[in-house]
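Report on the following structure.
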Amino acid sequence: MAERNTAEVFNQLHPKIIVSSMLTIYPSSELYQEIQAGNWTEESEIEKLYELRMLISSLDIDTCFATMGASNCINVAGHLPKDRKKMLEWLDEVIGSVDEKELRRYRENLRHL
């Protein structure tokens, strides 16, 4: 999984801060055209949250981690490893309680980043 590979790189580099944002695909983009042509499939919003969860779970370094920016349907922030449990519990709560359609609606209504 890509998030484990990303975590492996971060674990080797020891950055002081990691900021994550989620992909938002606009109809004017080349990637949108690739999706329309059937060459690429975007993950669901819930899958994106699971990836974020896996990344946070796999980081073994002392770092500040945050999701920032409008492209993130939820905000997660904390200092790893100290706040890992709290961050993962928050993600689990969201994953278990939020509807995919609601998350997708948020993303589709982003006018700009």
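Heavy atoms only: backbone and side chains are in, while hydrogens, waters and symmetry mates are out.
- Contact record, H79 with C64: ND1-SG, 3.3 Å, taken as the closest heavy-atom pair.
- Residue Y32 is grouped with residue L23 when hydrophobic side chains (ILVMFWY) are merged at heavy-atom distances under 4.5 angstrom, including chains of intermediate members.
- I25 and Y106 are not part of a single hydrophobic cluster, where members link through side-chain heavy atoms under 4.5 Å apart.
- Here E89 pairs with K85 under the salt bridge (Lys or Arg N to Asp or Glu O under 4.0 Å) rule; sequence neighbours left out.
- Annotation: side chain of P15 is in contact with side chain of I61 (closest heavy-atom distance under 4.5 Å).
- At least one donor-acceptor pair under 3.5 Å links the side chain of S29 to the backbone N or O of Y26.
- The neighbour count for L13 CG, taken as heavy atoms of other residues, nucleotides or ligands under 6.0 Å away, is above 12.
- Note: the hydrophobic cluster containing M68 also contains I17 (ILVMFWY, side chain heavy atoms under 4.5 Å, direct or indirect links).
- Atom CG of residue L91 and atom CD of residue E51 lie 12.0 Å apart, to the nearest 0.5 angstrom.
- For CD of E30, the number of neighbouring non-hydrogen atoms (other residues, nucleotides, ligands) closer than 6.0 Å is 12 at most.
- Of the inter-residue distances, the one linking L55 atom CG with I18 atom CD1 reads 6.5 Å to the nearest 0.5 angstrom.
- Not one N or O on the side chain of T63 forms a donor-acceptor pair closer than 3.5 Å with the backbone of L80.
- Side chain of W40 to backbone of Q33: no donor-acceptor contact under 3.5 angstrom is found.
- Here the straight-line distance linking atom CG of N75 with atom CH2 of W90 works out to 9.0 Å at 0.5 Å rounding.
- At least one donor-acceptor pair closer than 3.5 Å links the side chain of S71 to the backbone N or O of M22.
- Remark: side-chain polar atoms of R84 are paired, donor with acceptor, to backbone N or O of I56 under 3.5 angstrom.
- The closest side-chain heavy-atom distance from I74 to V98 is not below 4.5 Å.
- Taking CG of L103 as the start and CG of D99 as the end, the distance is 7.5 Å to the nearest 0.5 Å.
- Partners of S20 according to the side-chain contact (heavy atoms from CB on, under 4.5 Å) rule, which considers only residues two or more places apart in sequence or in another chain, are L52, F65, T67.
- The stretch residues 32-47 participates, sequence neighbours left out, in these salt bridge (Lys or Arg N to Asp or Glu O under 4.0 Å) pairs: E42-K48, E42-R104, E45-K48, E45-R104, E45-R107.
- With sequence neighbours excluded, the residues forming a salt bridge (Lys or Arg N to Asp or Glu O under 4.0 Å) with D92 are R53, listed by chain and number.
- L88 is listed as a side-chain neighbour of S57, based on a closest heavy-atom distance under 4.5 Å.
- Of all the heavy atoms in H14 and N11, the pair that sits closest is NE2-O, 3.1 Å.
- The salt bridge (Lys or Arg N to Asp or Glu O under 4.0 Å) search around K101 returns none, not counting sequence neighbours.
- Residues satisfying the side-chain contact (heavy atoms from CB on, under 4.5 Å) test with Y50, not counting sequence neighbours, are I46, I95.
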